[in-house]
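Input: a single structure, listed below in structure tokens.
None of these values were measured; they are calculated from a predicted model.
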Number of protein chains: 4
Amino acid sequence: MRKKGSNGQESRARLLEAAAQEFARSGYHETKISTIVSRAGLTQPSFYLYFQSKEAIFEELMELFEIQFKEMGRHSREEPDDPDNVGQEGNRREASEGQMYRELAGLFGFLGKNQDLTQIGFFTGTQSAALKRRLMSAIHSDFAAKQQNGHFRHDADMEIAAECLLGTIECLTREQLLTGKRPPEELAQEVVRLYLLGLMA
Amino acid sequence: MRKKGSNGQESRARLLEAAAQEFARSGYHETKISTIVSRAGLTQPSFYLYFQSKEAIFEELMELFEIQFKEMGRHSREEPDDPDNVGQEGNRREASEGQMYRELAGLFGFLGKNQDLTQIGFFTGTQSAALKRRLMSAIHSDFAAKQQNGHFRHDADMEIAAECLLGTIECLTREQLLTGKRPPEELAQEVVRLYLLGLMA
Amino acid sequence: MRKKGSNGQESRARLLEAAAQEFARSGYHETKISTIVSRAGLTQPSFYLYFQSKEAIFEELMELFEIQFKEMGRHSREEPDDPDNVGQEGNRREASEGQMYRELAGLFGFLGKNQDLTQIGFFTGTQSAALKRRLMSAIHSDFAAKQQNGHFRHDADMEIAAECLLGTIECLTREQLLTGKRPPEELAQEVVRLYLLGLMA
Amino acid sequence: MRKKGSNGQESRARLLEAAAQEFARSGYHETKISTIVSRAGLTQPSFYLYFQSKEAIFEELMELFEIQFKEMGRHSREEPDDPDNVGQEGNRREASEGQMYRELAGLFGFLGKNQDLTQIGFFTGTQSAALKRRLMSAIHSDFAAKQQNGHFRHDADMEIAAECLLGTIECLTREQLLTGKRPPEELAQEVVRLYLLGLMA
DNA sequence: TATGAATGAGATTTCATTCAT
DNA sequence: GATGAATGAAATCTCATTCAT
């Protein structure tokens, strides 16, 4: 007789969930299979019914993060810019500000939603470096375009600027977002104004 | 005639050096004592002549970084500001810029000098969080003062700004400085202008 | 079909048994986990399924001995004295003799039954000193009472006498009982007559 | 230039002394060469100038004890019995008592003198069993002779009695003598009366 | 005589992983 | 689908002992 709810897919999901929590909290090496399975209410051999190894489940979590991350990126790019703000002279700054705000708010919103995956995929995982490099590239391209358009200063190095923004995102995510100190929107707002206007009065 | 390197202090130094490299490259858990000692041209028991445990040598390296870091901070604070630039109206921005540049250039210079220790003490070690929090606090205080003086915008959140700058420093250190892509001075220069003036044309 | 002995409780028992033998034969330090597990037909990691450490299994054996020892003490105290021998003048000596004989025979019987545990708990273990001190105290109290009643000489020091008897018990256990040279009853009989009557003709 | 008093014989003696203390306090396995040499104010290699191994120094200490022990035995046997007490009827008991008292007092006196060696040679060492067996044999012979002479009861087993006395000696030495609770003479006196007269009033 | 430096050998313990049911 | 039991492989650490000076 099958225990209610003890079907394979659920067990697998519970393992993933438990693993995400543990990896996020303690990192890869400090996390033991024994802890994961006991959190999931299973035993060690059961783990190997669903995952080939400790590494495998970790990688699956990283991929999960990456897939969702890419999806988020696509959504954010598909979102049409507000057409009212296009073309008007005085709104050039506001347009930039608005687009950047939406993208950052979207990113922070995403990162803040699944904290464990973010911790793993953005900070712990081995692929996080590659992912961040891609993110940096995207920012860089965006910034370079804006520099070409004359929106951004010509005497600033857009690669450095993109790297700066990436670091800023990382740090705010870690210290303010994942700790719940500030909501995504506030962070986005502050970052946008800081990066566009600077701090000088 | 003494065999070359058969000197206790030298062996200890070689172990520290090797450990720094390994810890920096592979992190705490992936680093094995066996690797450290073989890099240092010794056998495992010799390790325990000089350090009580793997943890102990790691902590010693973290402390080493912290001590040097504090020292660097003290030096940078003792350096007198250029007196010519004080008090003149039009130079307010240049004064701020100059001070911030010197501090950042000093910091980047320090971090870039001993790369292994920086990797350990700034990115890997358990105390790195505390150290960064202290650094963030210092930046925050500095920014808040400048906001009070009217140098900085009143509608910006100085805590967030400080956090942003810290993240920027982290990321540039990791991606540009430790990889040798850019020199400390260039990074400092770009960061200062970005944070003071923003990106808008 | 379950492989013979592939039952957790049995494995645990085999480990305890093997450990008792080894500790008894060779003492704590000379006993290696590797010997215990190989005697039990297991490998080293299996040991740690059942016991936290070498110290832990040793302590468990000591406790086992102590528990059984206390139980034996309780039984022996609850056993009613032979009512026929009570109250009659000429039987005072016989009464004392009988009681002492039963207690000693019970003690020797117990110690002779599980030789390994006795070796560990009575001779090897760290708690053996405390246990013996308690035993000595009990003997001392008993002797003191008999001295008060006028059964025992007033010019003898009951503390010393108790200590003497304890030493006697120890030595006979080690040399005669655990080696199988003499049965518990004979030892008890001889000791009783020696301690009550002395050796003089 | 030779440090004053740092000649070989003295160093050797200091090592023996330190080793005796450590072995007596902590037993063979818990005692480390490093502790011995540091107590003796030397370094580890120096140890091997004087002794071949840890085992060797331990054996030397055991032998030292044995030699002194044998010497003590010889002295005690050579001591002439008090001639006044020979041959008189009523003094048979007193003669036995006196001889036994002198021997026990001598033994306790010896054992109480060098506590560390006693601990090692009488309780810890591997040869202690043999030594005690010899001691037991001697007592046994003595008792058997007395039984032949009609001094001791014929219905007592002299082997057991000897074993009992040995245990008594051991225990009193450990608990009363080495702890300083009672002087040798008192112990001897009590033991003699106990073993000759028994406890019965 | 003495030692600073180094090591061989081996012990305990941990953990991811598998076997048999 | 699940598990009780077991293990291979490896890591950290200890200690008696030796080498070279």
### Message
At 4.0 Å (heavy atoms only), tell me whether C:L42 reaches a base, stays on the sugar-phosphate, or touches nothing.
### Response
sugar-phosphate

### Query
Of the nucleotides E:dA6, E:dT3, F:dT7, which one has an atom closest to the side chain of D:L49?
E:dT3

### Query
Just by distance, do the side chain of B:K132 and the backbone of B:Q127 share a donor-acceptor pair under 3.5 Å?
no

### Counterpart residues, side-chain contact (heavy atoms from CB on, under 4.5 Å), relative to D:T124 (two or more places apart)
D:F58, D:Q119

### Summary
note: C:K32, atom NZ; E:dT12, atom P; distance rounded to Å ~ 6 Å

### Residue whose closest nucleotide on DNA chain F lies nearer the 5' end, B:S53 versus C:T43
C:T43

### Task
Measure from OH on D:Y48 to P on E:dT1 and round the result to the nearest Å.
18 Å

### Message
Once you apply a heavy-atom cut-off of 4.0 Å, does B:I33 come out as touching a base, just sugar-phosphate, or nothing?
### Response
sugar-phosphate

### Message
If you assign each of A:P45 and C:F47 to its closest nucleotide in DNA chain E, which residue comes earlier from the 5' end?
### Response
C:F47

### Summary
Heavy-atom closest pair (C:K54 atom, C:T31 atom, distance to 0.1 Å) is NZ-O, 2.9 Å

### Task
Identify whether any heavy atom of C:T35 sits under 4.0 Å from a base atom; if not, whether one sits that close to sugar-phosphate; answer base, sugar-phosphate or nothing.
nothing

### Task
Provide, to the nearest angstrom, the distance between the CD atom belonging to D:E10 and the C1' atom belonging to E:dA2.
15 Å

### Task
Specify the separation, in whole Å, of atom CZ of B:R14 and atom P of E:dA5.
12 Å

### Task
Represent DNA chain E in dot-bracket notation, 5' to 3'. Only Watson-Crick or G-U wobble pairs with both distances under 3.5 Å count; pseudoknot-style crossings use [ ] and interstrand partners use |.
.||||||||||||||||||||

#### Entry: N/O donor-acceptor pair under 3.5 Å between C:S128 side chain and C:G125 backbone
yes

### Query
Hey, are A:R12 and A:E60 close enough for a salt bridge, meaning a charged N less than 4.0 Å from a carboxylate O?
yes

### Summary
Quick note, D:K54 side chain, CB onward, closest among E:dT13, F:dT17, E:dA2 is F:dT17

### Mutual orientation of the aromatic rings belonging to D:F65 and D:F110 [parallel < 30°, tilted 30-60°, perpendicular > 60°]
tilted

### Message
Could you tell me how far apart A:R12 (CZ) and F:dG1 (C1') are, to the nearest whole angstrom?
### Response
14 Å

#### Entry: Nucleotide nearest D:S11 (side chain, heavy atoms from C-beta), chosen from E:dT12, E:dA2, F:dA5
E:dA2

### Listed nucleotide nearest any side-chain atom of B:S46, set E:dT7, E:dT12, F:dA2
E:dT7

### Between E:dT14 (P) and A:Q44 (CD): distance, integer Å
14 Å

### Query
Under a 4.0 Å N-O cut-off, is there an ion pair linking D:E63 with D:K70?
no

### Query
For DNA chain F, whose closest nucleotide is more 5', that of C:Q9 or that of B:S34?
C:Q9

### Summary
In terms of heavy-atom contacts, B:L111 and B:L178 come closest through O-CD2, 3.9 Å

### Query
Between E:dC15 atom C1' and A:E22 atom CD, what is the distance in whole Å?
15 Å

### Query
Rounding to a whole Å, what distance do you find between B:I36:CD1 and F:dT12:P?
8 Å

### Query
Under 4.0 angstrom, heavy atoms only, what part of the nucleic acid is A:F51 near: base, sugar-phosphate, or nothing?
nothing

